[in-house]
Amino acid sequence: GEDVEQSLFLSVREGDSSVINCTYTDSSSTYLYWYKQEPGAGLQLLTYIFSNMDMKQDQRLTVLLNKKDKHLSLRIADTQTGDSAIYFCAETYGGYQKVTFGTGTKLQVIP
Amino acid sequence: DVKVTQSSRYLVKRTGEKVFLECVQDMDHENMFWYRQDPGLGLRLIYFSYDVKMKEKGDIPEGYSVSREKKERFSLILESASTNQTSMYLCASTTGYEQYFGPGTRLTVT
């Protein structure tokens, strides 16, 4: 698969905004995703964006896509302790709906 | 709700043992995937299947094989387990843009 890079850790205070960043390499990706993994669980799709969009907002979540720089970000407004999890950036590649995942960013929310 | 189940949450095996990890999905999805998840490395694709009896190697297939005899079931086989296969194994299925994941199997090889 292609390379998808993220920072490994982010720590924020409850109520602040969190911004998780990701860079990807495949400019032909159709979809770019953010998945969330809570402790002891599998991954769950949080949100996604089509490659022809620049921004998508869904309640407290805002996804920004900069295709020129191949940069994707996830902003969580009013971060809560329940948002503590690992967040994975991912992009489609090849066929058969294959996806490349980033290394994951562990978000720690301090009360 | 889509459900993807994996046969075990935790498994401890000895070096050299043959290990079977099973995954079942209930949504008639065509594509199924096996990943391993290691800290700092994210998820890496081991094998995937796009139809019954059809399989393709992913990025790290060495030491693994798979079987898909029925559409709902995708098995990962470690022919001779080794300590470097200690990991979290995640199964997923999809028929569209979203991959649905099972809860994972944490395998320890001693």
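Throughout, a chain's letter reflects where its sequence line sits, starting with A, and its residues are numbered from 1.
- Residues B:Tyr100 and B:Trp34 do not share a hydrophobic cluster, defined by chaining ILVMFWY side chains whose heavy atoms lie under 4.5 Å apart.
- By the rule that hydrophobic residues join a cluster once side-chain heavy atoms approach within less than 4.5 Å of another member, B:Ile60 and B:Met32 end up as members of one cluster.
- Within a 6.0 Å sphere centred on CD of A:Glu14, heavy atoms belonging to other residues, nucleotides or ligands number more than 12.
- Taking each heavy atom of B:Gln99 and A:Tyr35 in turn, the nearest pair found is N-OH, 2.9 Å.
- Crowding of B:Gln85 atom CD: a count of heavy atoms from other residues, nucleotides or ligands under 6.0 Å exceeding 12.
- Under the 4.5 Å side-chain heavy-atom criterion for ILVMFWY residues, a single connected hydrophobic cluster contains both A:Leu32 and A:Ile76.
- Within 6.0 Å of atom CD in A:Gln57, more than 12 heavy atoms from other residues, nucleotides or ligands are found, so the atom counts as buried in its surroundings.
- The distance from the CZ atom of B:Phe101 to the CG atom of A:Leu45 is 9.5 Å, given to the nearest 0.5 Å.
- Of the inter-residue distances, the one linking B:Phe48 atom CZ with A:Lys98 atom NZ reads 4.0 Å to the nearest 0.5 angstrom.
- The local environment of NZ in B:Lys71 is crowded, with over 12 non-hydrogen atoms from other residues, nucleotides or ligands closer than 6.0 Å.
- Linking Ile, Leu, Val, Met, Phe, Trp and Tyr whenever their side-chain heavy atoms come within less than 4.5 Å leaves B:Leu11 and B:Val4 in two separate clusters.
- The stretch residues 35-45 of chain B places B:Tyr35, B:Gln37, B:Gly40, B:Leu41, B:Gly42, B:Leu43, B:Leu45 near chain A, each with some heavy atom under 4.5 Å from a heavy atom of that chain.
- For chain B, the nearby part of A:Gln37 is the side chain; its heavy atoms alone come within less than 4.5 Å.
- Rounding to the nearest 0.5 Å places OH of A:Tyr33 at 8.5 Å from CD of B:Glu98.
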